[in-house]
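Each remark here refers to the structure printed beneath this line.
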Amino acid sequence: QVQLVESGGGLVQAGGSLRLSCAASGRTISTYCMGWFRQAPGKEREFVAAISWSGAVTYYADSVKGRFTISRDNAKNTVYLQMNSLKPEDTAVYYCAASNTPVFSSVDVTTTLRYDSWGRGTQVTVSS
């Protein structure tokens with residue numbers, strides 16, 4: 001099983017930017033579909049973005065489309081989430097997730113059940 005560690009979270013003012021990183025270890029993620037999810041206090045964990053094993057295909061939640069960009073560097077075994085134009089409603093713990101099913105479907109990449117491994121999360125707080 002792959003181990004995932006997120007980093008890059010913090011406190012930022014509305015309109016600002018953050019770049020999250022997800023470093024994988026234990027095995028290469030070059031054949032894995034990767035995703036980012038987030039969970040705000042008292043809310044369900046929700047899908048943010050996903051990327052295919054090659055990086056050629058990406059998919060975003062409507063709430064972040066045009067503001068967030070997911071990318072990956074398979075040589076570094078790392079996935080990124082660039083977050084721009086942050087809003088207070090983006091405040092949450094952000095989790096990285098890995099799926100060893102390489103097929104990329106915009107339907108099931110949004111579900112937590114698709115993913116086999118999860119990081120512990122990194123806190124993102126956006127002040128107004």
Side-chain angles (χ1 to χ4, degrees):
Q1 194 173 20
V2 64
Q3 289 79 48
L4 304 172
V5 177
E6 303 93 339
S7 62
L11 173 64
V12 64
Q13 288 189 330
S17 299
L18 283 174
R19 188 195 197 204
L20 305 184
S21 297
C22 172
S25 62
R27 59 176 60 187
T28 177
I29 58 169
S30 60
T31 59
Y32 282 59
C33 168
M34 301 295 294
W36 284 97
F37 287 73
R38 66 187 182 187
Q39 189 166 17
K43 294 189 176 181
E44 297 283 319
R45 190 169 297 190
E46 66 173 6
F47 169 77
V48 175
I51 188 166
S52 64
W53 66 271
S54 66
V57 184
T58 57
Y59 190 69
Y60 297 92
D62 288 342
S63 58
V64 307
K65 202 172 295 182
R67 300 188 297 122
F68 291 11
T69 302
I70 188 171
S71 62
R72 66 190 299 161
D73 186 337
N74 285 340
K76 294 183 178 180
N77 231 27
T78 301
V79 178
Y80 305 97
L81 185 68
Q82 177 67 45
M83 306 187 295
N84 298 329
S85 302
L86 283 161
K87 305 175 181 180
E89 51 263 44
D90 294 319
T91 295
V93 177
Y94 282 71
Y95 297 91
C96 177
S99 169
N100 63 10
T101 302
V103 176
F104 190 93
S105 163
S106 61
V107 174
D108 70 355
V109 293
T110 64
T111 64
T112 57
L113 291 176
R114 164 69 189 257
Y115 298 88
D116 315 291
S117 302
W118 292 83
R120 292 189 175 185
T122 185
Q123 176 70 46
V124 171
T125 303
V126 184
S127 62
S128 57

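Throughout, numbering of the chain's residues begins at 1 and tracks the sequence.
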Nearest-0.5 Å distance that lies between atom OG1 in T31 and atom CG in N100: 7.5 Å
With sequence neighbours left out, write down each residue that passes salt bridge (Lys or Arg N to Asp or Glu O under 4.0 Å) with R114, or none if nothing qualifies. D108
Over all atoms of both residues, closest heavy-atom pair of S17 and N84: OG-OD1, 2.9 Å
Can you tell me how far apart OH (Y59) and CZ (F47) are? Round to the nearest 0.5 Å. 7.0 Å
Please find the pair of heavy atoms, one from S128 and one from P88, that lie closest to each other, and give the distance. CB-CG, 3.8 Å
Are V124 and V79 connected, step by step, through hydrophobic side chains (Ile, Leu, Val, Met, Phe, Trp, Tyr) whose heavy atoms are closer than 4.5 Å? yes
Under a single-linkage definition using a 4.5 Å side-chain heavy-atom cutoff for Ile, Leu, Val, Met, Phe, Trp and Tyr, are W53 and F104 assigned to the same hydrophobic cluster? no
If the condition is side-chain contact (heavy atoms from CB on, under 4.5 Å), which residues does E46 pass it with, not counting sequence neighbours? R38
Using the test side-chain contact (heavy atoms from CB on, under 4.5 Å), find all partners of R19 that sit at least two apart in sequence or belong to another chain. Y80, Q82
The criterion is side-chain contact (heavy atoms from CB on, under 4.5 Å); which residues satisfy it with K43, sequence neighbours excluded? A40
Please give me the minimum heavy-atom distance between T91 and V126, naming the atom from each residue. OG1-N, 2.9 Å
For the pair E6 (side chain) and G121 (backbone), establish whether a donor and an acceptor sit closer than 3.5 Å, ignoring hydrogens and angles. yes
When you measure from the side chain of S105 to the backbone of V107, do you find a donor-acceptor pair of N or O atoms at a distance under 3.5 Å? yes
CG (D116) and CD (Q1) are apart, to the nearest 0.5 Å, by 7.5 Å
With S7, which residues qualify under side chain to side chain donor-acceptor pair (under 3.5 Å), at least two apart? none
So if I apply the side-chain contact (heavy atoms from CB on, under 4.5 Å) rule between T122 and each of L20, V93, V5, which one comes out positive? L20
d(Y115 OH, C33 SG) to nearest 0.5 Å is 4.5 Å
Of all the heavy-atom pairs spanning F37 and T112, show the shortest one and how long it is. CE2-CG2, 3.8 Å
Taken to the nearest 0.5 Å, the spacing of D90 CG from S63 OG works out to 7.0 Å
Do K65 and D62 sit within salt-bridge range, that is, some charged N less than 4.0 Å from a carboxylate O? yes
Looking at T28, is its backbone amide N or carbonyl O close enough to the side chain of S30 to form a donor-acceptor pair, meaning the two atoms are under 3.5 Å apart? no
Grab the two heavy atoms, one from A92 and one from Q123, that are nearest each other, plus how far apart they are. O-NE2, 3.4 Å
Nearest 0.5 Å please: distance from the CG atom of L81 over to the CZ atom of R72. 13.5 Å
Minimum heavy-atom distance between I70 and Y60, given as atom pair plus value: N-OH, 2.9 Å
Under 6.0 Å between ring centres, would you say that holds for F68 and W36? no
Common cluster, I51/V48, ILVMFWY with side-chain heavy-atom separation under 4.5 Å: yes
What residues, two or more places apart in sequence or in another chain, satisfy side-chain contact (heavy atoms from CB on, under 4.5 Å) together with V2? L4, A24, R27, I29, Y32, A98, S117
